[in-house]
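What follows is a set of notes on a single structure, which appears directly below.
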Protein chains: 2
Amino acid sequence: MQLAEGDNHMVNQKWLLTFMSLAETRHFTLTAEKLHMTQPGVSQHIHKLEAQLQTPLLHRYGKQFELTLAGEKLYAYGLQAQALHTELAQSIELDDPLQGQCRIACSGALAMYLYPFFLNYQSRHQGISISLEAAPNQNIINDLLENKTDIGIVTQEQFSEQLTQTYVGEQALQLVLPKQYENENISFDFLNSLGFINHPDGFHFLEKVLKANNFSDYKNRENVHIKGYINQLSQILSPVSKGLGYTVLPASAVAQFESVDMLSIAALEFKVSEKLYLTKKRHRELPARYQWFEQKIKDLLGN
Amino acid sequence: MQLAEGDNHMVNQKWLLTFMSLAETRHFTLTAEKLHMTQPGVSQHIHKLEAQLQTPLLHRYGKQFELTLAGEKLYAYGLQAQALHTELAQSIELDDPLQGQCRIACSGALAMYLYPFFLNYQSRHQGISISLEAAPNQNIINDLLENKTDIGIVTQEQFSEQLTQTYVGEQALQLVLPKQYENENISFDFLNSLGFINHPDGFHFLEKVLKANNFSDYKNRENVHIKGYINQLSQILSPVSKGLGYTVLPASAVAQFESVDMLSIAALEFKVSEKLYLTKKRHRELPARYQWFEQKIKDLLGN
DNA sequence: CATCATCAAAACAATAAGTTATGATTTATT
DNA sequence: AATAAATCATAACTTATTGTTTTGATGATG
């Protein structure tokens with residue numbers, strides 16, 4: 001084992017403890033007694049520290065000493081390190097349900113719907129910090145597997161041994177058209193002539209609507225005419241409201257659009273909806289603070 | 001050596017390092033290679049940590065695992081501890097003259113005079129934090145000896161081997177009377193009839209004036225009539241300005257009083273002044289940030 | 001189902017730490 | 001000023017701790 005020159009190692013905390021006691025008592029022998037060791041032990045600890053940090057920690061004069069600058073810095077470091085450790089010990093013992101970061105990932109539509117409720121909760125409990133990530137299904141799954149998020153809400157059942165899923169409700173999908181086609185008889189050909197405004201989950205949603213037999217002139221795997229793509233949820237409906245195309249979105253996302261009166265929702269013979277699954281990592285225990293979020297999600301999405 | 005139950009000891013940082021690497025790689029063997037140790041060593045480190053913290057750190061399932069809550073907290077702790085240590089290593093290497101706390105102690109009069117200059121410096125260098133303590137001479141000496149302050153300005157020479165002193169200038173002492181006695185012929189009897197307004201250094205100052213042979217009717221150890229006491233420097237001159245008594249103060253303190261025009265300064269035949277000594281602990285090296293302060297004090301007080 | 005990979009356990013070797021004994025200075029006392 | 005007491009440093013030695021080797025059980029992989 002070769003010893004690296006610029007030592008990577010952290011300060012040995014036994015030596016540090018000895019040094020701190022020495023800095024407080026200013027007395028080797030007293031320190032030794034306090035720490036139930038012998039005086040030469042104290043000397044050795046200090047020397048080892050000085051060797052490791054490559055700088056003297058004590059200005060010795062006669063049998064007395066003062067701390068050097070490095071010594072004072074080391075002492076200050078020791079105090080901080082002790083405080084940090086105390087904090088750790090405390091935090092391990094209790095799992096405060098109103099303290100800490102909560103990482104949740106879901107679709108943009110759900111994020112817009114859920115976020116106000118979460119923020120309200122956060123404003124009542126300042127110790128809570130919320131990190132809500134809007135992302136496509138597959139990214140959510142990956143983030144969960146890599147421990148980058150803790151709770152995910154996805155629309156597809158996953159068959160990974162690593163994950164657990166619970167059904168929490170479903171969201172209706174709506175076929176959204178410009179207002180001007182409100183009473184139009186909608187066919188797949190008509191939609192294709194208008195053009196599809198795509199978004200992260202757009203194609204998946206559209207496929208569900210099409211495969212539900214809502215259009216007699218649609219055959220599987222037929223080409224869809226795509227007129228644009230936007231991944232900002234709040235802006236997906238803009239081109240639709242201006243007559244530039246159609247799209248498919250969850251009802252909750254449509255309802256939040258500022259100019260809903262510029263849109264029309266096509267009446268579908270076969271209603272289409274997406275099941276929502278609250279997804280977590282199977283072998284991972286979540287802190288108590290997540291309980292409120294799980295319950296709230298079930299309450300808000302359940303039907 | 002008996003082992004305490006509620007362990008006082010901090011987390012062994014070698015074990016911690018192993019744990020952190022394991023948390024990152026999620027792989028015992030890989031961690032062992034990375035840290036130039038063997039796989040059983042990694043296992044042992046984790047077990048020792050779990051024993052010390054009295055809680056499992058890993059949820060094991062098959063040959064895989066997830067961190068428990070305690071595990072995640074320990075990991076977060078490790079990150080902070082590493083950051084702290086990096087900070088230490090950097091701070092030991094360099095002695096930033098514009099960063100850190102500066103502790104200075106002096107008399108109230110000097111504090112009022114010096115503080116504005118210090119604050120101006122601090123406002124130009126936000127990393128500097130100033131702690132200026134106004135205290136009597138003896139307290140300043142004690143604070144120095146106990147490392148509670150770093151620079152002291154005192155008016156008396158100390159003969160402690162522990163201290164070094166350098167003369168930095170002197171301050172004239174003024175006998176301050178109510179305006180109405182401006183042209184009065186001042187005798188000790190007259191002063192006694194008026195009454196002395198005492199303050200922390202008041203008696204010491206008065207004694208210097210009296211012992212300088214300024215009053216033919218004063219004999220040593222004669223009783224002084226004390227009319228009041230106040231230890232807020234800015235308020236000492238209030239009773240004087242209202243005609244209630246006299247006092248002795250350094251010229252700099254008198255000049256700062258808001259209603260100087262309500263006061264008169266007695267013309268003394270034998271001028272009296274106090275020598276000022278910048279005092280530090282002999283064997284103690286001060287950080288570079290103190291250099292500016294020492295120079296500024298010399299500049300401001302030198303004559 | 002066989003092979004490989006991974007983690008755990010026990011026995012042992014290597015390393016590190018702490019203690020005793022001793023020496024050199026300094027401080028306190030007479 | 002001389003002597004005694006106290007304090008810290010050094011070296012040799014003992015003990016404790018740590019890490020490795022060897023071996024074994026269990027789960028993943030083709």
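Only a predicted model underlies this, so the values are computations on that prediction, with no experimental measurement involved.
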Between [X] ([atom1]) and [N] ([atom2]), how many Å, whole number?
| X | N | atom1 | atom2 | answer |
| --- | --- | --- | --- | --- |
| Q13(A) | dT17(D) | CD | C1' | 14 Å |
| F65(B) | dA8(C) | CZ | C1' | 14 Å |
| M37(B) | dA8(C) | CE | P | 13 Å |
| H47(A) | dA11(D) | NE2 | P | 11 Å |
| L58(B) | dC7(C) | CG | C1' | 11 Å |
| L49(B) | dA8(C) | CG | P | 14 Å |
| Q52(B) | dT17(D) | CD | P | 13 Å |
| Q39(A) | dA21(C) | CD | P | 14 Å |

Q. Are H204(A) and E274(A) close enough that a side-chain donor and a side-chain acceptor fall under 3.5 Å?
A. yes
**Q.** base_contact_polar (dT27(C) base, K63(A) side chain, donor-acceptor, <3.5 Å)
**A.** no
Q. Among dT22(D), dA9(D), dT20(C), which nucleotide sits nearest the side chain of P40(B)?
A. dT22(D)
**Q.** Side chain of K48(B) (C-beta onward), nearest among dA17(C), dT18(D), dA9(D)
**A.** dT18(D)
Verify the contact: side-chain N or O of [X] to OP1 or OP2 of [N], cut-off strictly under 4.0 Å; return yes or no.
| X | N | result |
| --- | --- | --- |
| T38(A) | dG18(C) | no |
| S43(A) | dC8(D) | no |
| R60(A) | dT25(C) | no |
| H45(A) | dA17(C) | no |
| T29(B) | dC7(C) | yes |
| Q44(B) | dA9(C) | no |

Q: Please indicate whether Q291(B) has more than 12 foreign heavy atoms, meaning atoms of other residues, nucleotides or ligands, lying under 6.0 Å from its CD.
A: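 Not buried by this count: 12 neighbours or fewer within 6.0 Å.
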Q) If each of W15(A) and Q64(A) is mapped to the nucleotide of DNA chain C with the nearest heavy atom, which maps nearer the 5' terminus, i.e. the 5' end? A)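 Taking each residue's closest nucleotide, the earlier one in sequence belongs to W15(A).
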Q: Assign G41(B) to base, sugar-phosphate, or nothing according to its heavy-atom contacts below 4.0 angstrom with the strands shown.
A: base
Q: Please report the C-alpha distance between E133(B) and K148(B) in whole Å, then the side-chain angles of each, then the deciding distance to 0.1 Å, and finally whether the salt bridge (Lys or Arg N to Asp or Glu O under 4.0 Å) criterion is met.
A: CA-CA 10 Å; E133(B) 170 115 351; K148(B) 289 181 181 168; over 6 Å; no
Q | Identified side-chain hydrogen bond (donor to acceptor under 3.5 Å, both in side chains) counterpart of E66(A) within the set Q162(B), H283(B), K281(B) | A |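 With E66(A) as partner, Q162(B), H283(B), K281(B) yield a single side-chain hydrogen bond (donor to acceptor under 3.5 Å, both in side chains), made by K281(B).
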Q: Select from N12(B) and L30(A) the residue whose nearest nucleotide in DNA chain D is closer to the 5' end of that strand.
A: L30(A)
Q) Just wondering, do L88(B) and L74(A) contact through their side chains at under 4.5 Å, heavy atoms? A)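 Yes; the side chains approach each other to less than 4.5 Å.
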